[in-house]
Structures are given as structure tokens and as C-alpha cells.
Amino acid sequence: MRRRLLIGLTAVSVLAATTACGSSDGGGAADGNASSGGTTTVKVGLIPIVDVAPLYLGQEKGFFGERGLKLSFSSAQGGAAIVPGVTSGQFQFGFSNMTSLMIARSNDVPVKAVANGIASTGVVGKDFEALTVKGDSPITSAKELEGRKVAINTLKNINETAVRASVRKAGGDPDEVEFVEMAFDQMPAALDGGRIDAAMVVEPALATIKNQGGREISSPMVDIAPELTVAMYFTSTKYARENPEIVEKFQEATAESLAYADSHPDEVREIVTTYTKIPADVLAKVTLPKWPAEPNRAALEELARLGVEGGLFEQTPDLDELLP
């Protein structure tokens with residue numbers, strides 16, 4: 001069980017690869033740090049990618065400051081670092097894909113989602129993720145991936161579930177696909193060099209593949225469910241129980257930040273340049289995710305069902321316990 005949890009909590013993401021290291025400062029983190037001005041500093045573990053732009057925008061626009069909060073961002077490679085960081089008190093809040101959070105809950109890891117993160121656009125061919133092939137590949141549908149090598153960033157997590165959904169929808173057998181674990185940023189070169197037959201990528205790797213002549217054959221997140229909630233912000237059940245007022249302020253400020261980001265895409269792209277190394281010319285072509293205020297419960301129920309079907313969970317995750 002422990003091995004499955006460690007595998008399942010590895011980075012996803014919606015969610016691009018990064019070489020940044022997580023913060024090692026865990027002292028006094030359980031209750032946050034109140035400044036002399038009455039502002040409470042809370043540490044947020046996240047992946048420095050486009051998806052989390054609303055929090056950076058919200059901090060800049062004063063949405064958190066107006067509520068007496070200051071966010072201290074700590075970069076991590078993914079859920080493998082963020083989930084334990086939150087449960088240990090190193091971070092007060094974290095960002096993770098929903099399958100990783102469901103795996104955690106199904107293994108009795110005490111986490112609680114508190115605010116929406118990102119969602120699929122719900123539009124085939126115009127999502128922030130895609131199943132891609134080389135431009136001159138003979139593959140035209142997900143069904144033709146049977147017996148082929150398909151790169152995903154993490155085995156037994158949300159992207160494998162998504163690819164399986166696309167293959168199944170196209171009439172193929174997902175058990176016949178050879179999944180290869182590979183970091184997102186390595187996929188464009190591997191695809192172009194013929195070392196893999198297809199790649200399940202998210203932005204900005206998707207824009208890079210398109211720039212080198214690659215093409216999409218399906219939108220796997222859309223194939224799971226329309227407007228799928230892909231990731232959320234979460235805390236530990238202990239922190240939520242002991243600090244309800246701070247959690248409520250974080251929820252309110254995050255909701256305002258999500259709405260602002262969703263209606264100001266140009267500002268999103270601008271602020272992303274302050275915390276990532278994505279080239280401006282690539283960023284201009286990136287398809288942004290959606291940032292709705294609330295998670296899509298029906299879509300998450302389908303994601304959970306597919307996770308059970310794929311053997312990702314020891315027991316079916318209780319969404320009532322996990323969701324706000």
C-alpha cells in the first residue's frame with residue numbers, strides 16, 4: 001500500500017515538470033506566522049506552472065492582503081513532495097491533481113480540498129492538454145495506439161487514466177498500450193526523435209510539440225468528462241480543524257483570484273513570466289486552462305470511477321470527505 005501511495009503521489013499536472021526544489025523550512029509552519037502588522041503568512045506548496053497563476057495574481061492584486069493573508073510560495077516537483085509537505089505542516093496549503101488527492105484519501109492520508117484549482121476547457125482540440133503524435137506519424141486516432149509506446153509523466157495517475165479513456169472511446173483496448181514514464185519537458189524531443197509513438201502532454205510542452213510540427217489526435221481530459229476538474233488547492237484535515245478562519249480567508253481570496261485570472265488572460269501570461277522560465281514566444285501560444293469557482297462534482301465522480309477501474313485506489317475515495 002505504501003509503495004502504491006508513493007507511486008500515485010508522484011508529479012502529474014496538469015502539470016508540467018520542473019527542476020525546482022521544495023522548501024526545507026518547516027519550523028513553526030503548523031499555525032502560520034503572524035507578522036507585527038497582523039498579517040498571517042501561510043506557506044503554499046505548488047508547481048511553478050501556468051496552472052497556479054491565479055494565486056500569484058491574487059497576491060499582486062491584494063486579494064489575499066485584504067483578508068490579512070500573505071502567501072509564501074514554495075516550489076516542488078509535484079504531489080510526491082507537496083502532499084507530505086502539507087500533512088507534515090511544512091506547507092499550510094498545497095496544489096495537486098485530483099487523482100493524487102483521491103489516492104491519498106483512499107489510503108487514509110488526512111488531506112482536504114479547500115479551493116478549486118484548474119479545469120479542462122472542455123473543447124476537443126482546444127484544451128491545455130492533448131495526446132500528440134509526430135507530424136508525419138501514420139497514427140490518426142487513439143485506437144491505433146495499441147502496441148505503441150505512449151509517454152505519460154507518471155504511471156498510474158491522472159494522465160494514464162485520461163489516455164486510457166481516449167483509447168477506449170476510440171474503440172481500442174487500453175491494456176494493449178505500452179505506457180512509458182517520462183518528464184513532460186523531455187517528451188517533445190523524444191517524440192521528434194521517434195523514441196516514442198505518442199505523448200500525453202500539457203502546456204507548455206504542447207505548444208512546443210506543435211511548434212515542431214506535431215499534431216493532436218485526441219483531448220484525453222475531455223474524454224474523461226466535460227469540463228473536468230483537474231486539480232485543486234488543499235490543506236491537512238488537522239490544519240482545517242484548528243484554523244477555520246484562515247482556511248475561509250484563503251478560500252475567499254482564491255475564489256476571487258480564479259475569477260480574475262479567468263477574465264484577464266493577458267495578465268495571466270504576463271505574471272507567469274515572473275515565476276517560470278517559459279519563453280515569451282512559447283507562452284503566447286499556450287492554451288490556458290479554465291479557472292472556475294467550483295469543482296465539477298459529476299466529472300470528479302467519473303474520474304474516481306475510472307480510477308477504481310484502473311486499479312489506482314485501494315478503496316473507492318470518499319469525495320464527501322475530500323471536497324469542500
Side-chain angles (χ1 to χ4, degrees), residues 9 11 13-16 18-97 100-101 110-118 231-258 260-261 267-268 270-278 291 324:
L9 292 179
S13 245
V14 70
L15 309 159
T18 172
T19 59
C21 297
S23 168
S24 60
D25 179 13
D31 297 315
N33 300 308
S35 72
S36 58
T39 298
T40 300
T41 298
V42 293
K43 295 181 180 179
V44 184
L46 43 71
I47 311 167
I49 51 177
V50 174
D51 309 42
V52 298
L55 258 63
Y56 285 88
L57 267 179
Q59 178 108 301
E60 181 182 84
K61 296 297 178 182
F63 302 152
F64 290 90
E66 291 168 1
R67 294 169 173 85
L69 295 181
K70 179 180 179 181
L71 305 184
S72 173
F73 298 116
S74 294
S75 297
Q77 291 191 8
I82 295 174
V83 171
V86 169
T87 56
S88 69
Q90 181 183 354
F91 312 133
Q92 281 73 63
F93 300 96
F95 177 85
S96 179
N97 78 85
S100 286
L101 292 179
V111 294
K112 178 75 173 179
V114 296
N116 207 22
I118 63 166
M232 293 184 70
Y233 295 96
F234 70 101
T235 189
S236 68
T237 55
K238 179 177 184 292
Y239 188 82
R241 182 176 62 253
E242 296 178 353
N243 302 274
E245 292 184 0
I246 293 178
V247 171
E248 184 177 1
K249 291 176 181 178
F250 180 85
Q251 289 173 319
E252 292 175 353
T254 300
E256 188 172 1
S257 301
L258 293 172
Y260 189 89
E267 291 188 46
V268 167
E270 182 178 348
I271 202 155
V272 167
T273 64
T274 68
Y275 65 90
T276 75
K277 296 180 180 180
I278 301 174
W291 287 291

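Quick caveat, the model's predicted, so the values are computed rather than measured.
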Could you list the residues that satisfy ring pair (Phe, Tyr, Trp, His ring centres under 6.0 Å) with Tyr233, not counting sequence neighbours?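 Scan of Tyr233 (ring pair (Phe, Tyr, Trp, His ring centres under 6.0 Å), adjacent residues dropped) gives Phe95.
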Do [X] and [Y] make a side-chain contact, defined as non-hydrogen atoms from C-beta onward lying under 4.5 Å apart?
X	Y	answer
Glu267	Lys61	yes
Tyr239	Val86	no
Phe63	Leu57	no

[atom1]/[X] to [atom2]/[Y] distance, rounded to the nearest 0.5 angstrom?
X	Y	atom1	atom2	result
Ser75	Ile49	OG	CD1	10.5 Å
Asn243	Thr40	CG	OG1	9.0 Å
Leu69	Phe250	CG	CZ	8.5 Å
Leu71	Leu46	CG	CG	9.0 Å
Met232	Ser100	CE	OG	14.0 Å
Ile47	Thr276	CD1	OG1	13.5 Å

Taking every non-hydrogen atom, the tightest pair across [X] and [Y]:
X	Y	value
Ala53	Val268	CB-CG1, 3.8 Å
Ala240	Thr235	CB-CG2, 3.9 Å
Gln59	Phe73	NE2-CE1, 4.3 Å
Ser96	Val83	OG-CG2, 4.5 Å
Ala113	Pro324	O-CG, 3.3 Å
Thr87	Pro110	CG2-O, 4.1 Å

Tell me whether Glu270 at atom CD has more than 12 heavy atoms from other residues, nucleotides or ligands lying less than 6.0 Å away.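 Check fails, neighbour count at 12 or below.
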Chi angles and distances behind the side chain to side chain contact (heavy atoms under 4.5 Å, CB included) call for Val247, Phe93: CA-CA 9 Å; Val247 171; Phe93 300 96; 4.2 Å; yes
Verdict with supporting geometry, Val44 and Val52, side chain to side chain contact (heavy atoms under 4.5 Å, CB included): CA-CA 11 Å; Val44 184; Val52 298; over 6 Å; no
Is the backbone of Asp51 close enough, under 3.5 Å, to the side chain of Trp291 for a donor and an acceptor to pair up by distance?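 Looks like yes, one N/O pair under 3.5 Å.
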Give me each pair satisfying side-chain hydrogen bond (donor to acceptor under 3.5 Å, both in side chains) with a member in residues 245-254, each pair once, sequence neighbours excluded.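 The answer is Arg67-Glu252.
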